Amino acid sequence: MSAPPPLPTTTHHGKGAAGLALLVALALACTVAPLLNDGAGPLRADRDPVLTALTDGRGSLSFALLSGLLGAGLGVAWSGLAIALGDRAERRLMGAAARLVALPLALLVPLGVGLTGGGLPVLTALVALSAAPLVAGLAHQDLRALLRRDFLTAARAAGRSKGALLLHHLLPNAVRPLLAAGAIALPRALAVESLASLLGLGLPSSVGSWGGAVGVAARLGDGLALVPAALLLALSLWAFHAVADEALRLAAEGPHGGPSNGLPGGSAPDARP
Amino acid sequence: MTPPTHAATAPSPHTAAAPVSTQALTLLAGDRVLIDRADLRLDAGQVLSLTGGAGTGKTLLLRALAGLPLPGVTLAGQARTDGRRLLIAQGGRLAPQRPLALQAADVIGHHLGLDASAALRRMADALDRMGVPPAARRFDLPPERLPDSLRWAALFALGIAVGPAVLLADAPAAGLDPTVRLRLLHRLAEWARSSATALILAGRPEDGLDGPADARLCLHEGRVLPTPPIPDPLPAPDHAHHPAGAAVMTAHGLTMSFPMGTGPTGEARRLTAVHSLDLELVDGETLVLLGESGSGKAMLARALLHLPAPSTGRVVWMGRDLTKADDATLRRVRRDVQPLFPDPAGSLDPAMTVGAQLTAVLESLRPDIPADRRPQRVVETLRAVGLPTDTATRWPASLRPLEAARVGLARALMPDPRALVCDEPLATLSAEDRAEFWDDLLTARDRRHLSLILTTERAEEGLRHADRALVLLMGRVVERGSADDLLHHARHPYTQAMLSAARGDRPALEGDPPSALRQPDGCTLRQRCPKARSFCAQAVPTLEPVGPGHAVACHYWDTP
């Protein structure tokens, strides 16, 4: 048999592509910025505020990536465990996730750091934990929808073993929705870390952070230092959200243009005229 | 009134008096002709059905008559409507979260200039017309929290309350059970006749709109044509196919129930979808399971395949008890008994090509076929169901509904089964595609001597090709017999209502099916049944024989 023909792509991915391009550009700029800086200290009045803000971005973006990925992993593991443990445990675990999502977890991070004395590992764990319930809820919905799909029933009717079901049917179709659910953890991690740093309870000043830079600039009344950091933070949050939205949309489309949520999609049983 | 079948097809000298008339109405999108010189005329109090497949221009024509042509569509010729006109848009669109009372007050107030209380009184009168009992009138609820049937009834009532001279309904009550849909449409048509409103019901041929109509037109390739008469909507069963032989599948005391948590007193609650049901399938037989949505037919079909296994009871295939079967035995049974799903596209793995999925079936169920012969086998099976061989390289998302249905059939036929359990396999297909797929399915049945179990809510389709039928209501069999018996001598009011709906007549059942969570005591049909008496609330009727092979579960089946 010949290779499967590609499907024509008709979807527009403008917002997601713009978000991704912006994130790449920011990451590159943040990486290059220290090379352009003359090593000026953070409080020197003659430093370039944009270069300083870009330098601070290294800390914010790296930390968002680290804690976001950790939160995403925790959330996905949470939902997977809930489903694997059976009905009662699933109800309890997902009920707990729903209750936690309703809480202002972003405020609990600086509180936790303040109470425990802080430190990067503690902050990372707290930020990841603040993002995990939301990811768990989304991942659980996606996994449940996937498990209800008739193609899995059809595969069972075709005598496929449990291992084959998992490896050949469930996992390939779960990757997109789980990645999409996990993607939402990145902007959340960045926002939560920035809030904590703004309050002086986030990343240490040696690491640098947009939230911390905004906090220091606000305390010093330094508008020139505040604007670039705040602007870059806002741009990064928009870009992360745009990428996460796009990931959710792609996940809803499913692989090869098919629906991933059981709803009629590309090959819909013809929509009424 | 002008004779209906002609009134809607040709302009008459009295065109000026007709609320709806068009002459050579042509709809164009740029240079492309969408509707070509449509001539139609509708008198006051006349009901017209306008049917056509997907994309034939029904919505375009209705919107043009409503004075709401789609952007980019230009009109040529003449289209005239007299008096107030109202369009019920496709899908029965109401603001999903705004309480019904506010929407009714807005719409009726806008058209008639009434205040909110007068508008709601008018709406209540209209709901009376639609047969919605006072207890079911939930004005305070938003439409998204209403059952579909009540939402449609409210929408029709809104139209009635406004009292237009011309009411245009696009795909009215689509998606409802035929019994419920036909009841609502007949009530709407009766109102239109009594209030001298010109009513156009537009939809697909299979929606049963011709039944309540006085005049029938269809759209075909942009032309408005008279609907060809249907010789007999309920023909006799196909007697060329005679099943004979021993029972290949039996089910005893099969029950499907699901935990529903605990009740207020701490007792475990369960939702029972199928109640202790017995079934037998004879070699080569076609057995149809008829029932409305929620009757348990799909759950029964899946339980027969152990997808999932029944809660209690047992299924025996060729002497093998599936309840006690190990993996190898179950795999052997799956080789013999294959399913067809209600959404064929959804039953295909979107991440695998068609060929890969068919090959996987062979790997699992036919390990005796060498790997190098599998591609040839895939190609042969695709050809056998009328698909080109390059379908094997396609992704499921690129398949049209009929192609997806055929791929589903090909997958089921791959292991050379002896029986197919088909759960509404035509549910997503248009009328034309249904006819083609029926041919494919029956050809496969006859050539391979397959036994078929087929679930459907369409009595006419099911009984036409079946040998025997079970009629299911809320998880219980209420009538069973040969297809011929059920077609011509149905005894149960529920079966009779389904057959009435299939003929386009008004079903005798009133109201909607009760919720599975709050089933009434005794007979579950009694709240809708024209024969119901007080005793019906006291005992669940059991099947009693009324003829050879024909049994009915109704306390008063023999009363007029």
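In what follows, every heavy atom counts, from backbone to side chain, and hydrogens, waters and symmetry copies are set aside. Chain A is the first sequence line, chain B the second, and so forth, proteins listed ahead of strands; every chain is numbered from 1. Please read these numbers as outputs of a predicted model, since none were measured by experiment.
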Legend entry - B:Asp372, CG atom: more than 12 neighbouring heavy atoms under 6.0 Å: yes
Legend entry - Choice from A:His168, A:His169, A:Arg88 maximising heavy atom contacts with chain B below 4.5 Å: A:His169
Legend entry - Test: B:Arg302 and A:Asp150 ion pair at under 4.0 Å: yes
Inset, instruction - Check whether B:Ala360 gets within reach of chain A through its side chain, its backbone, both or neither, counting any heavy atom under 4.5 Å. - result: both
Inset, instruction - Compare every heavy atom of A:Phe151 with every heavy atom of B:Asp349, then report the nearest pair and how far apart it is. - result: N-CB, 3.6 Å
Inset, instruction - Check whether any side-chain heavy atom of A:Arg149 sits under 4.5 Å from a side-chain heavy atom of B:Pro350, and report yes or no. - result: yes
Inset, instruction - Enter the distance from A:Arg156:CZ to B:His306:NE2 here, rounded to the nearest 0.5 Å. - result: 11.0 Å
Inset, instruction - Could you tell me which non-hydrogen atom of A:Ala157 sits nearest to which non-hydrogen atom of B:Leu307, and how far apart they are? - result: CB-CD1, 3.6 Å
Legend entry - More than 12 heavy atoms from other groups under 6.0 Å of CZ on B:Arg373: no
Legend entry - Proximity breakdown for B:Glu363 and chain A, heavy-atom pairs closer than 4.5 Å: side chain
Inset, instruction - Below 4.5 Å from any heavy atom of chain A, which atoms of B:Leu348 appear? Answer side chain, backbone, both or neither. - result: backbone
Inset, instruction - Give a yes or no on whether B:Met249 atom CE has more than 12 heavy-atom contacts from other residues, nucleotides or ligands under 6.0 Å away. - result: yes
Inset, instruction - Look at B:Met414, B:Gln357, B:Arg331 and state which one has the largest set of heavy-atom pairs under 4.5 Å with chain A. - result: B:Arg331
Legend entry - Closest contact, heavy atoms only, B:Val361 versus A:Ala158: CG2-CB, 3.8 Å
Inset, instruction - Identify the heavy atoms of B:Ser347 and A:Ala154 that sit nearest to each other, and give their distance. - result: O-CB, 3.6 Å
Legend entry - Closest-packed option against chain B by number of heavy-atom pairs under 4.5 Å, given A:Ser161, A:Pro172, A:Gly159: A:Gly159
Legend entry - B:Ser364 to A:Arg160 - nearest heavy-atom pair and separation: OG-CD, 3.3 Å
